[in-house]
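In what follows, chains are A, B, ... by sequence order, proteins preceding strands, each numbered from 1. These figures come from a predicted structure and were not determined experimentally.
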Amino acid sequence: MPLSAFLTVSGVLFAIGALGVLVRKNPLIMFMSIELMLNAVNLSFMAFAHFLDSAQGWIFVFLTLTVAAAEVVVGLAIIVSIFRSRTNIDVDELNSLKG
Amino acid sequence: MTSTIGLPQIWLLSPELSLTLLSFVVLGLDLVTRRKMVTWVTALIGLVIPLALTFSLAFNTFGSRPATAFYGMLVVDDFAIYFKLLFLLMGFCVILVSYQYIEKYLRVTPGEYYAIILMSLAGMMLMGSSGELITIYISFELASIPLYILAGLSRTDTRSAEAAVKYVLLGAMSSAILLYGLALLYGATGTTDMLEIARATANVLHTGNLLLIVGEVFVFAGFGFKVSAVPFHMWAPDIYEGAPTPSTLFFSVGSKAAGFAALLRIFVFSGLVSLNNSYLWVMVAVVAALTMIVGNVGALLQSNIKRMMAYSSIGQAGYLLVGFAALIIHKTSAGSQAMMIFLFVFVVTNIGAFAGIIALGDATGRENIRDFDGFGRRSPWIAAGMAVCFLALAGIPPMAGFLSKLVIFWAAWGQGSGMTILVIIGLLMSAVSIVYYANVVWRMYVIEPEKREYIQTPVGVGLTMAIAVIGIIVLTIVFGPLLAQIGLGANSLFGALVH
């Protein structure tokens, strides 16, 4: 398969993820969408690394996975802490800050 | 470039390493002692170690070539050292100002709070001295993830939790966008090393290279979130308002300085600005104009002082982007030099302004612009310092804020009609900004307060205010020599391309 096939899939996945973050209202689903975006990027890294025959792309993927895990840990902890103070985590109801 | 990991390489990394170790020590102190003062003082005094190590790097002349370590992943040049020093000053002031506030309003052990700040600080310092796309992404996350926690630290306050959720969702999305940009840069050039990227792109008139163009746009968007440039600025006011005020100070100065340091590093050091790229200039110029307009007009409409500071810092990011646009079109260090000194002045003045907000918030728990009525009589010294900082932010001559704005606009002036329009927008918006800055000063001194009792100022806040005011005065006096010195740092970023 040509490189462009991988890049197209990666781009489409990234767009779906971005759309999910913008459209969905549940922070957990939004987090899933962000993971989709990150993994779409990982796909392009791996495709580039394979076709350019360079190892840096593979290493980047490893580090991205680790960092994404750390980010999700913090994000879920924050969502749990907001869930404690209210029973609903719909982002539309997070509206005490505006102006 | 040596292939081993030995003492010379460790030494180049030592400021960040010692800062990380310090954060662990501070975190561990919670187990040993219950006295909050001990943790605070340890964190403050401990910052001397990374500072001394940074100075030891600064006084070692590397010659015209930057020192690199770990296969070029880490670059230590004048530019990196300048930002390391700026971040250490910032970290010192943020920790200094926090003590009473976190004891009163946050139910966390203090070690946690200081350790998180120190970790984020290490990430910010690395952002300025990354020589690789991988390093820049990792340090970007190291600087950002602690900030999400800081936003939500006030666990009993629903506004704080809300700010944290918004911050972590938008922050994670922006880092995904940045990462996509980095992937495309890697794909277009076949390497993640910035100097290699510079070499790979130097011979190409790449007007047709779609990967590189889209990659640049995505990287700019990722950092645009970090510095709250306009299409990505929506997070700033909500998060500034909801987060505990000392954390807000840290977001305001830290996030912005680190974002611009990394933006300059990646665009200049990897040679992207040296290319024939008018599309990039158009994008940056439009974003800069929008950022200045939205920031300064938005600040006029606010009633909460933290929201006002958020919009004001968006406006300041707009001026910085004018410098960046000048850099792209001019392709010399004049633009980056102007941005570097502007950031210094921005950091010092913002620290002073927030020290005043913290002083009032600490005593009364209120943070509306209205609550500053008669502040000049209730707390004369803090109010005087705050007035100096606000007037410096507004750019009243002859203060440092005026000089740094002048340098930015000077670098941009006469670089074609597009840049001239940007400068004119910038000057108009500076005039608008005087209205809302002066409004606060006017309220502090002219309007009669509801209550007249004297406001007690905690020692840390007073000291921070003193540092900020002395900093502004010193910056104003030594502005010329400092600018020349910063020019070396700005050149070091370009110098690597010559070799």
Side-chain angles (χ1 to χ4, degrees), chain A residues 3 7 10-11 14 17-18 21-22 27 30-31 33-49 51-54 56-57 59-64 66-68 70-86 89 91 93-99, chain B residues 132-135 137-138 140-142 144-146 148-149 151-152 155-173 175-184 186-193 196 211 214 218 237-242 298 301-304 307-308:
Chain A
L3 176 60
L7 292 187
S10 150
F14 190 84
V21 179
L22 298 175
M30 290 166 83
F31 249 106
S33 306
I34 288 167
E35 288 298 303
L36 190 62
M37 290 168 80
L38 288 173
N39 284 320
V41 178
N42 282 344
L43 184 62
S44 5
F45 265 122
M46 288 187 283
F48 282 132
F51 280 91
L52 296 167
D53 200 17
S54 98
Q56 285 154 326
I59 296 167
F60 216 135
V61 171
F62 277 120
L63 292 168
T64 310
T66 324
V67 168
E71 205 159 42
V72 167
V73 166
V74 170
L76 289 183
I78 288 170
I79 291 175
V80 168
S81 84
I82 204 170
F83 196 67
R84 279 203 191 123
S85 58
R86 58 179 88 198
I89 48 171
V91 281
E93 306 205 352
L94 297 182
N95 55 7
S96 58
L97 296 172
K98 61 182 167 194
Chain B
E132 258 252 354
L133 302 186
I134 299 179
T135 333
Y137 176 67
I138 301 284
F140 178 87
E141 292 290 2
L142 179 58
S144 303
I145 294 176
Y148 308 149
I149 307 175
R155 279 183 293 218
T156 47
D157 186 356
T158 51
R159 291 187 314 158
S160 175
E162 181 178 333
V165 170
K166 286 182 178 167
Y167 201 12
V168 76
L169 285 171
L170 291 170
M173 186 173 170
S175 77
I177 292 172
L178 171 70
L179 193 66
Y180 201 35
L182 298 181
L184 295 176
Y186 167 63
T189 58
T191 173
T192 56
D193 189 296
E196 297 279 326
L211 284 183
V214 179
F218 274 63
D238 283 1
I239 286 151
Y240 275 44
E241 187 190 346
L301 310 172
Q302 303 305 318
S303 60
N304 180 301
R307 287 188 89 85
M308 190 198 97

(message) Please classify the contact of B/Thr191 with chain A as side chain, backbone, both or neither, using a heavy-atom distance under 4.5 Å.
(response) both
(message) Looking at every non-hydrogen atom in both residues, tell me the closest pair between A/Val67 and B/Glu141 and how far apart they are.
(response) CG1-CG, 3.1 Å
(message) In terms of relative ring orientation, are A/Phe48 and B/Tyr186 parallel, tilted or perpendicular, with 30° and 60° separating the classes?
(response) perpendicular
(message) Among B/Leu179, B/Ile145, B/Val168, which residue has the highest count of heavy-atom pairs closer than 4.5 Å to chain A?
(response) B/Leu179
(request) For B/Gly190 and A/Leu52, work out which heavy atoms get closest and say how close. (result) CA-CD1, 3.5 Å
(request) Tell me, please, which residues at least two apart from B/Tyr148 pass ring pair (Phe, Tyr, Trp, His ring centres under 6.0 Å). (result) B/Tyr167
(message) Among A/Val72, A/Val74, A/Val73, A/Leu7, which residue has the highest count of heavy-atom pairs closer than 4.5 Å to chain B?
(response) A/Val74
(request) With a 4.5 angstrom heavy-atom cut-off, could you sort out which part of A/Ala40 is near chain B: side chain, backbone, both or neither? (result) neither
(request) Verify side-chain contact (heavy atoms from CB on, under 4.5 Å) between A/Phe45 and B/Tyr180, making sure each step is shown before the conclusion. (result) CA-CA 9 Å; A/Phe45 265 122; B/Tyr180 201 35; over 6 Å; no
(message) So which atom in A/Ile34 and which in B/Leu169 form the shortest heavy-atom distance, rounded to 0.1 Å?
(response) CD1-O, 3.4 Å
(message) Less than 4.5 Å to any heavy atom of chain A: does that hold for the side chain of B/Leu133, its backbone, both, or neither?
(response) both
(message) Heavy-atom pairs under 4.5 Å with chain A: which of B/Ala161, B/Ser303, B/Gly171 has the most?
(response) B/Ala161
(message) Below 4.5 Å, heavy-atom pairs only: which of A/Ala18, A/Ser81, A/Gly75, A/Gly57 has the largest tally toward chain B?
(response) A/Gly57
(request) Answer with side chain, backbone, both or neither: which region of A/Thr64 has an atom nearer than 4.5 Å to a non-hydrogen atom of chain B? (result) both
(request) Select, from B/Leu184, B/Thr192, B/Leu301, the one with the greatest count of heavy-atom pairs under 4.5 Å involving chain A. (result) B/Thr192
(message) Is A/Ala47 in contact with chain B via its backbone, its side chain, both, or neither, using a 4.5 Å heavy-atom distance?
(response) neither
(message) Quick check for you: to the nearest 0.5 Å, what is the distance between B/Tyr137 atom OH and A/Leu63 atom CG?
(response) 9.5 Å
(request) Give the C-alpha distance, both sets of side-chain angles, the deciding distance and a yes or no for side-chain contact (heavy atoms from CB on, under 4.5 Å) between A/Gln56 and B/Glu132. (result) CA-CA 10 Å; A/Gln56 285 154 326; B/Glu132 258 252 354; 4.0 Å; yes
(request) Check each atom of B/Leu182 against the heavy atoms of chain A and say whether the ones under 4.5 Å are side chain, backbone, both or neither. (result) both
(message) Please classify the contact of A/Ser10 with chain B as side chain, backbone, both or neither, using a heavy-atom distance under 4.5 Å.
(response) both
(request) Please look at A/Leu22 and chain B and tell me whether the side chain, the backbone, both or neither of the residue comes under 4.5 angstrom of a heavy atom of that chain. (result) side chain
(request) Examine whether an atom of B/Ile177 lies under 4.5 Å from a heavy atom of chain A, and if so say whether it belongs to the side chain, the backbone or both; otherwise answer neither. (result) both
(message) Given heavy-atom pairs under 4.5 angstrom as the criterion, report whether the side chain, backbone, both or neither of A/Ser54 touches chain B.
(response) both
(request) Go through the atoms of B/Tyr240 and report whether side chain, backbone, both or neither lie under 4.5 Å from a heavy atom of chain A. (result) neither
(request) Check side-chain contact (heavy atoms from CB on, under 4.5 Å) between A/Phe51 and all other residues, then give those that pass, not counting sequence neighbours. (result) A/Leu3, A/Phe6
